[in-house]
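First the structure, in the form of structure tokens, and then the observations on it.
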Amino acid sequence: MHGSATTIELPVGGRDTGEGVQPESVRIGGVPVSTLSLAALIDKMLAEAPRRRAAGLAPLLVFDCNGHALSLNATDPGYAADLAKADLVHADGQVIVTASRRFAPAPIADRSSTTDMFIDSLPGAAERKVRYYLLGATEQVNADCAARITGSTPGLELAGRRNGFWKPEDEAAVIEEINATAPDVLWVGTGKPREQAFAVRNRDRIKAGWIVTCGGLFNYITGDYPRAPMWMQRAGLEWLHRMATNPRHLAWRYITTNPHALWLIWKHRNG
């Protein structure tokens, strides 16, 4: 510090909100979820990711939490082990936010859906020259997503992109492709639990500031997967819209995981 500025140290595990110490995370359904708002999460990413990459630090692992994640965490040991290695888990589902307001010692500020996180971050990424790499989806969807966001966001520069289909023996080459571009943020959209396993397995090999898992994000950007009306998003019913518009892929998932997730939230309601 220079001059007469005073350094204020916060207690470990919290941040000063002006109304006391707010915990950095609260446990929902057995998973520690960040209490950061969507805006704060984006600011954190745009500020930290370039610094971590430039310093050669291992990338920060940022995973999402929704009903599907809660259910997988309780039934898939491999996924649970990977989720436990995340540096930050954000509230992708409205049910997680609602549960925090009902059962947690502090509320999660708001829902930070991965799609909103990505879209809302684009102007700031362009302004701050934060470079993204898009990994996932089909070649067509991936290419269309890249074209859409660069076309709609003046100054946005992508580090690179690649579809989400490769053989296990080609994974080293995929990582070499990514590292050659040195992205600030690597967005991995290959679906749970594959994307989390990829991020954890290759954390020490990938040269990026943040690795953010994002599921079907690229398909939502292109319109291949339609987003729910805003009233459904605010009411926590986006899952219903997704199931209705893509029943072949999502109906069974939501029918089986949503009740399980609600039971887990109730089971772990006291911590």
Side-chain angles (χ1 to χ4, degrees), residues 38 41-42 45 49 59-69 72 76 79 82-83 85-93 111-122 125 130-150 152-153 156 158-168 170-171 173-175 177-179 181 183-203 205-206 208-228 238-239 242 245-246 249-250 253-254:
L38 173 62
L41 181 61
I42 291 172
M45 176 179 69
L60 200 79
L61 299 186
V62 180
F63 300 161
D64 66 281
C65 187
N66 51 26
H68 184 207
L72 267 183
D76 185 330
Y79 175 80
D82 290 332
L83 187 63
K85 292 182 174 66
D87 296 293
L88 188 152
V89 178
H90 66 98
D92 181 69
R111 181 187 178 209
S112 51
S113 81
T114 310
T115 304
D116 289 335
M117 179 181 171
F118 182 79
I119 293 173
D120 292 359
S121 74
L122 295 176
V130 178
R131 299 163 69 247
Y132 290 169
Y133 191 107
L134 314 182
L135 179 66
T138 64
E139 178 61 24
Q140 185 64 58
V141 168
N142 189 287
D144 287 350
C145 177
R148 282 174 182 258
I149 62 174
T150 53
S152 63
T153 311
L156 181 68
L158 292 183
R161 64 168 197 85
R162 192 196 190 284
N163 67 64
F165 297 89
W166 64 85
K167 297 177 181 178
D170 297 327
E171 188 162 281
V174 171
I175 294 170
E177 285 184 44
I178 296 167
N179 289 347
T181 70
D184 296 306
V185 182
L186 169 63
W187 296 86
V188 184
T190 57
K192 295 181 179 69
R194 184 186 174 206
E195 58 193 21
Q196 287 77 21
F198 172 85
V200 169
R201 183 170 61 247
N202 296 300
R203 179 180 194 172
R205 302 167 64 192
I206 292 174
W210 275 33
I211 299 177
V212 184
T213 56
C214 59
L217 166 66
F218 308 137
N219 297 80
Y220 286 107
I221 298 297
T222 62
D224 185 51
Y225 295 168
R227 290 205 76 185
E238 189 165 15
W239 65 270
R242 291 181 178 182
T245 55
N246 193 3
H249 291 107
L250 298 177
R253 185 185 103 182
Y254 284 124

Side-chain heavy-atom pair [X], [Y] within 4.5 angstrom cut-off:
| X | Y | answer |
| --- | --- | --- |
| Arg131 | Pro183 | no |
| Asp64 | Thr213 | yes |
| Asn66 | Lys192 | yes |
| Thr138 | Phe165 | yes |
| His90 | Val62 | yes |
| Val188 | Ile211 | yes |
| Glu139 | Arg161 | yes |
| Tyr132 | Ser121 | yes |

If you look at every heavy atom in [X] and [Y], which pair is closest and at what distance?
| X | Y | value |
| --- | --- | --- |
| Ala137 | Asn219 | CB-OD1, 3.9 Å |
| Leu134 | Asn142 | O-ND2, 3.3 Å |
| Arg203 | Leu60 | NH2-CA, 4.2 Å |
| Val89 | Cys65 | CG1-CB, 3.5 Å |
| Leu158 | Ala146 | CD1-CB, 3.6 Å |
| Pro59 | Asp87 | O-OD2, 4.1 Å |

Cation-pi check, Arg194 to Trp166: give yes when NZ or CZ is under 6.0 Å from the six-membered ring centre and within 45° of the ring axis, no otherwise.
yes

Hey, do the aromatic rings of Trp187 and Phe118 have their centres closer than 6.0 Å?
yes

Enter the distance from [X]:[atom1] to [Y]:[atom2] here, rounded to the nearest 0.5 Å.
| X | Y | atom1 | atom2 | value |
| --- | --- | --- | --- | --- |
| Asp120 | Ile42 | CG | CD1 | 4.5 Å |
| Arg162 | Leu135 | CZ | CG | 7.5 Å |
| Phe198 | Glu171 | CZ | CD | 5.5 Å |
| Cys214 | Glu195 | SG | CD | 6.0 Å |
| Asp82 | Gln196 | CG | CD | 7.5 Å |
| Leu217 | Thr114 | CG | OG1 | 7.0 Å |

Evaluate the criterion side chain to side chain contact (heavy atoms under 4.5 Å, CB included) for residue pair Lys85 and Phe63; output intermediate values, then yes/no.
CA-CA 10 Å; Lys85 292 182 174 66; Phe63 300 161; 5.8 Å; no

With sequence neighbours left out, what residues match Ser152 under side chain to side chain contact (heavy atoms under 4.5 Å, CB included)?
none

Main-chain N/O of [Y] paired with [X] side-chain donor or acceptor, under 3.5 Å:
| X | Y | answer |
| --- | --- | --- |
| Thr153 | Leu156 | no |
| Asp170 | Ala173 | no |
| Thr150 | Ala147 | yes |

Hey, mind stepping through Thr222 and Arg148 against side chain to side chain contact (heavy atoms under 4.5 Å, CB included) and telling me if it holds?
CA-CA 7 Å; Thr222 62; Arg148 282 174 182 258; 4.1 Å; yes

